[in-house]
There are 2 protein chains.
Amino acid sequence: MASLTSHIHCQDCSMSSLCIAQPLDNDSMVRLDTIIQRRKPLQKRDLLTTAGAPLQFLYAVRSGSLKTYTLDDKGVEQIIDFHLPGDLVGFDALADGHHRSFSQALETTMLCEIPVQSLDDLASQMPTLRKQMMKLMSSELFASKQLLGDLNNRSAQQRLAHFLLTLSQRFAERGLSGKSFRLTMTRADIGNYLGLSVETISRILSALQTDGTLAVKNKLVEIRSLDQLNSLAGH
Amino acid sequence: MASLTSHIHCQDCSMSSLCIAQPLDNDSMVRLDTIIQRRKPLQKRDLLTTAGAPLQFLYAVRSGSLKTYTLDDKGVEQIIDFHLPGDLVGFDALADGHHRSFSQALETTMLCEIPVQSLDDLASQMPTLRKQMMKLMSSELFASKQLLGDLNNRSAQQRLAHFLLTLSQRFAERGLSGKSFRLTMTRADIGNYLGLSVETISRILSALQTDGTLAVKNKLVEIRSLDQLNSLAGH
DNA sequence: CGACGATTTGACTCTACTCAATGTGTGTGG
DNA sequence: CCACACACATTGAGTAGAGTCAAATCGTCG
């Protein structure tokens, strides 16, 4: 009998199109699969990475979600990113072999664990894998820099609209509903990430609910008018 | 006779410690050197990259400086980054082989031109080069994400203090003075980058001048009290 | 010298923050 | 299974920091 832990392989993984495995032919994917382990699921609030800890694995999110954050001089949390299924966690540690941030599960979360040493070996043999890693990092890099400009010069409403649209797109890319989804992070997390206070987040969500752009029920968000939301984000 | 264009080689380049060449042994550096060309200097306002254009080269800044920006739906400039000597320009294009942003010289600027195709070939033969590229991207990625958090939750004064400190450090790393340097970008550029209005930048610079933290004379900035500036950035 | 772009400074306004109180949901232990 | 506790969320009132608009000055380049 198979054990209870997941035995889905890269070849069958629904996330493979977003994952590091995306451009690989079947044979390469099988080789990648052999180095990847599946981890016991993380429970809500469990830490996946700790700043300063040596890098051993990169992680791919299979299901669930995480937040990545740093602590500033005063020990205040600064949220850097949210991770959804298909995302890779740990790139920031490639620079010097140590994680630079904390990653914490926002809900029960399943992961693939990729030993960096083996990945590196594979990458040196497989140019496609090497290029794919570069591509993923390049995309993330641009997205991150772009976001900086996007957020900096925009109002609270624009920021939140942009955030919701980005989430929506990411869910859609992952084969989930982009119209209606659950915010696994708290309002405080969103505020921290966007540089807004909890109260502002709450007020804007209420306002968007009132004007019919959204239907919000606790953590559940339904986008009622995508056009409306788009035009709010654009200004 | 040697031509008038620069013939400095990677082996002799004062920027090599920051550059892609950093961890390479002498032999590898010579090989890298053979694929790198030197470009005619860019004049102020010249474009180095254009969003949408196919990626052919990565560039390393030898002297001078550039700004990288995108244009939003309304054609409004969004500054994403400033590049100083030793920085690499073009990583954002690795994702799909097309540049995603514009890069414009802020002053007369000298560059090394690195053909991506050849770089890729070299990287596949030289694991150190491959790792160094990953490291550079990883560092940039983290810095960019960190910056997002840093700026988002901070006041105008904190942002500007942080910006000046970062510039100071970067100049120092490049063997230039970190105490006293020239802002090659306009106040408007700084404001755009930090998400502040020109007037706010100007007012804060004046205030920092008045309280003795800085001496500002047009584009020239001298840091009078590093401690003061540090504590302003920290809050 | 003249023109234009960049910078500074002032006055007023408004957005988003803080503080405060209340409401809602979740989870734990008796 | 219920009750209580605590974390999360909403809403209101007042305030402050940064934006906008406007005008004057400075600097640079032709």
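Both backbone and side-chain heavy atoms feed into the values below; hydrogens, waters and symmetry mates do not. First the proteins, then the strands, lettered A, B, ... as listed; each starts at 1.
When distances are taken from the side chain of A/Glu199 to each of C/dC19, D/dT20, C/dA16, the shortest belongs to C/dC19.
In this structure, A/Thr200 does not reach the C/dT15 phosphate: none of its side-chain N or O atoms is under 4.0 Å from OP1 or OP2. A/Ser155 has no side-chain polar atom (N or O) that falls below the 4.0 Å cut-off from OP1 or OP2 of C/dT15.
Within the 4.0 angstrom heavy-atom criterion, no nucleotide atom of any strand lies near A/Lys217. Using a 4.0 Å heavy-atom cutoff across all strands shown, B/Gly195 reaches sugar-phosphate atoms only and no base atom. Residue contacts shown for B/Thr186 are limited to sugar-phosphate atoms, with no base heavy atom under 4.0 Å away. Contact annotation for A/Lys219: backbone-only contact, meaning every heavy-atom pair under 4.0 Å involves sugar-phosphate atoms and none involves a base. Note on A/Leu196: only backbone sugar-phosphate atoms sit closer than 4.0 angstrom, heavy atoms only; bases stay farther off. Counting non-hydrogen atoms under 4.0 angstrom, A/Ser202 reaches a base of the nucleic acid.
Residue A/Leu205 contributes atom CG, which lies 16 Å from atom C1' of C/dT24 at whole-angstrom precision. For the pair A/Gln157 CD and C/dC14 P, the computed distance is 17 Å after rounding to whole Å. Remark: C1' of C/dT8 and CD of B/Gln209 are 12 Å apart, rounded to the nearest angstrom. As a whole-Å value, the separation of B/Arg182 CZ from D/dT28 C1' is 13 Å. Distance, A/Asp189 CG to D/dA7 C1': 12 Å, rounded to whole Å. Rounding to whole angstrom units, CZ of residue B/Arg203 and P of D/dC21 are separated by 14 Å. Remark: P of C/dT7 and CD1 of B/Ile201 are 11 Å apart, rounded to the nearest angstrom. Here D/dC29 presents its P atom at 12 Å from CG of B/Asn218, a figure rounded to the nearest Å.
A heavy-atom distance below 4.5 Å is found between the side chains of A/Leu147 and A/His162. Side-chain atoms of B/His83 and B/Thr109, non-hydrogen and from C-beta on, never get closer than 4.5 Å to each other.
Side chain of A/Arg62 to main chain of A/Cys112: no donor-acceptor pair is present (N/O by atom type, distance under 3.5 Å, no hydrogens or angles). Judged by distance alone, the side chain of A/Ser103 and the main-chain N or O of A/Thr68 form no donor-acceptor pair under 3.5 Å.
Closest-nucleotide positions on DNA chain C for B/Met185 and A/Ile204 were compared, and the one nearer the 5' end corresponds to B/Met185.
Residues A/Lys67 and A/Asp189 are paired through a salt bridge, judged by an N-O separation under 4.0 Å between the basic side chain and the carboxylate.
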